[in-house]
Protein chains: 2
Amino acid sequence: MTTTGPARDTALHADADRPSRREQILQAAAQLFAERGSRAVGVDDVGAAVGVTGPAIYRHFAGKDAMLAEMLLRISERLLAGGRERVAAAGADPAAQLRALIAFQVEFALGNPALITVHDRDLGSLAEADAAQVRRLQRRYVEVWVAVLARLHPAADAAACRVRAHAVFGLINSTPHSAGQLDRAATATLLTGMAEAAARAW
Amino acid sequence: MTTTGPARDTALHADADRPSRREQILQAAAQLFAERGSRAVGVDDVGAAVGVTGPAIYRHFAGKDAMLAEMLLRISERLLAGGRERVAAAGADPAAQLRALIAFQVEFALGNPALITVHDRDLGSLAEADAAQVRRLQRRYVEVWVAVLARLHPAADAAACRVRAHAVFGLINSTPHSAGQLDRAATATLLTGMAEAAARAW
DNA sequence: CCTGGAGGTTAACCATCGTTCACAGGAGTG
DNA sequence: CACTCCTGTGAACGATGGTTAACCTCCAGG
């Protein structure tokens, strides 16, 4: 039923053409976790999705938790790194930086709907140490946005900028909910426009 | 640790002052489900939260699934009914109707953060029959928004309006992520402004 | 009184599922 | 050929947790 071929998220595997078994597992797990929630997905399900039995997973990961942890850590790191890159590449103008951040987030959300879903749904299923690490990365990513928003409007306090950043995330990350309504390009321009309007409304 | 007193969501119990045991359970369950996810919360946990052992739950609900189902159904019904009311009360002007819908959603999200969280996180944990019913209600609520957005901009097609509606939901429902940053009133005006700007950006 | 239902309790049952174990095949490598 | 990782399998183990059973108490109403 689920189209596994072209609908794959792009952010997990570095080797896109011949991904290692390990990457295949992470990929399949992300898809399944997004659809049903990590707790509802069995190790056997993940195995079956890559044509292997459940226990084979343990040749590649310490356990189910370790899979989820690595998944969420990678996403968070990728967002933070990507966000910083884009800001740095956008020059000194805060308005341009904001546009770059929005473009990046839209791109990521449209390219990796499963990861976006898992990212904020299954954080609570992580062991406290991993969860803390993920939250730390998330916080730093938020602060990248807050810094840009604060420079854009020097009068606003940081708390308001944080609320604003989360609101823009929510707006952009709504894509999994409206999947299949429009083609990717149209959705991208629509969300970009809305996000910029929302971020700018003071 | 969790402040159970004043932080209660308001939309679940009709009898606010002396809620029946049944309502207490639903209330506590919503809180716990929001914090940890329905699957991570045991029947014993829910019982303990209202000062009762786990199996006592079965005097009031057919099972854990039934609890979650009733919770999600009530939320969906309340949103749909509330949305329709507000639109009807806002007169014929689509701009006024949109403002009314936004105010309603902001109000609901700020008043019921736990319900908002459970609403889209745990839908997948429902039996298919219940899930279908909830999705039906959600869809009808979305269509209330789509109708208003479509009247506001007759040139736009329904699919784009749907994407737009989901984006505004995502924006407003981000409140659980930015809890504690600002006081409720400030958050409300901020989100309302952003939502209106986003919905209007064409 | 005493009867019956509502609401609780503890103990037990049982399915699910993550994890481990013992073993097997294959691909290099000496 | 032998030796050894690497990756996989099927079976078994153990914990967790939803659910049921048996029993108990309280209290309203005849």
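All chains are named by letter (A, B, ...) in the order of the sequence lines, taking the proteins before the strands, and each is independently numbered beginning at 1.
Taking side-chain N and O atoms only, B:Arg21 has a distance below 4.0 Å to OP1 or OP2 of C:dG8. OP1 or OP2 of D:dG8 sits under 4.0 Å from a side-chain N or O of A:His60.
Side-chain atoms of A:Gln133 and A:Arg136 form a donor-acceptor pair, as typed in the model, at a separation below 3.5 Å. At a cut-off of 3.5 Å, with distance as the only test, no side-chain donor of A:Gln138 or A:Asp120 sits close to an acceptor on the other residue.
Distance, B:Tyr58 OH to D:dG18 P: 7 Å, rounded to whole Å. Atom-to-atom, CG of A:Leu68 to C1' of C:dT19 comes out at 17 Å; the value is rounded to the nearest Å. B:Asp44 places its CG atom 11 Å from the P atom of C:dT9, with the value rounded to the nearest Å. One interatomic measurement links the two molecules: CG of A:Asp45 to C1' of C:dT16, which rounds to 12 Å at whole-angstrom precision. Separating the CZ atom of A:Arg59 from the P atom of C:dA24 is a distance of 14 Å, rounded to the nearest angstrom. If you measure from atom CZ of A:Arg39 to atom P of D:dG18, you get 11 Å, rounded to the nearest angstrom. Counting to the nearest Å, the C1' atom of C:dA6 and the CD1 atom of B:Ile57 are 15 Å from each other. Atom NZ of B:Lys64 and atom C1' of D:dT20 are 17 Å apart (whole Å).
In this structure, B:Gly63 reaches the sugar-phosphate backbone alone: every heavy-atom distance under 4.0 Å involves primed, P, OP1 or OP2 atoms, never a base. Using a 4.0 Å heavy-atom criterion, one finds that B:Val50 contacts no nucleic acid atom at all. B:Val46 comes within 4.0 angstrom of nothing in the nucleic acid, heavy atoms only.
Considering only side-chain atoms of A:Ala56, the nucleotide from C:dT10, D:dT9, D:dG18 that sits closest is D:dT9.
Sequence order on DNA chain D of the closest nucleotides to B:Asp65 and A:Ile25 puts A:Ile25 first from the 5' end. Summary of the strand contacts: A:Thr53 and B:Val43 both lie near DNA chain D, and taking for each the nucleotide with the nearest heavy atom, the more 5' one is attributed to A:Thr53. Checking B:Gly51 against A:Ala62, the closest nucleotide of DNA chain C that is more toward the 5' end is the one next to B:Gly51. Residue-to-nucleotide proximity on DNA chain C shows that, of B:Gly54 and A:Val41, the 5′-proximal contact is made by B:Gly54.
Ion pair A:Arg74/A:Glu70 flagged as a salt bridge, since at least one NZ, NE, NH1 or NH2 atom sits closer than 4.0 Å to an Asp/Glu carboxylate oxygen.
The shortest side-chain heavy-atom distance between A:Phe169 and B:His177 does not fall under the 4.5 Å cut-off.
By the 30° and 60° cut-offs, the orientation of the rings of A:His153 relative to A:Trp202 is parallel.
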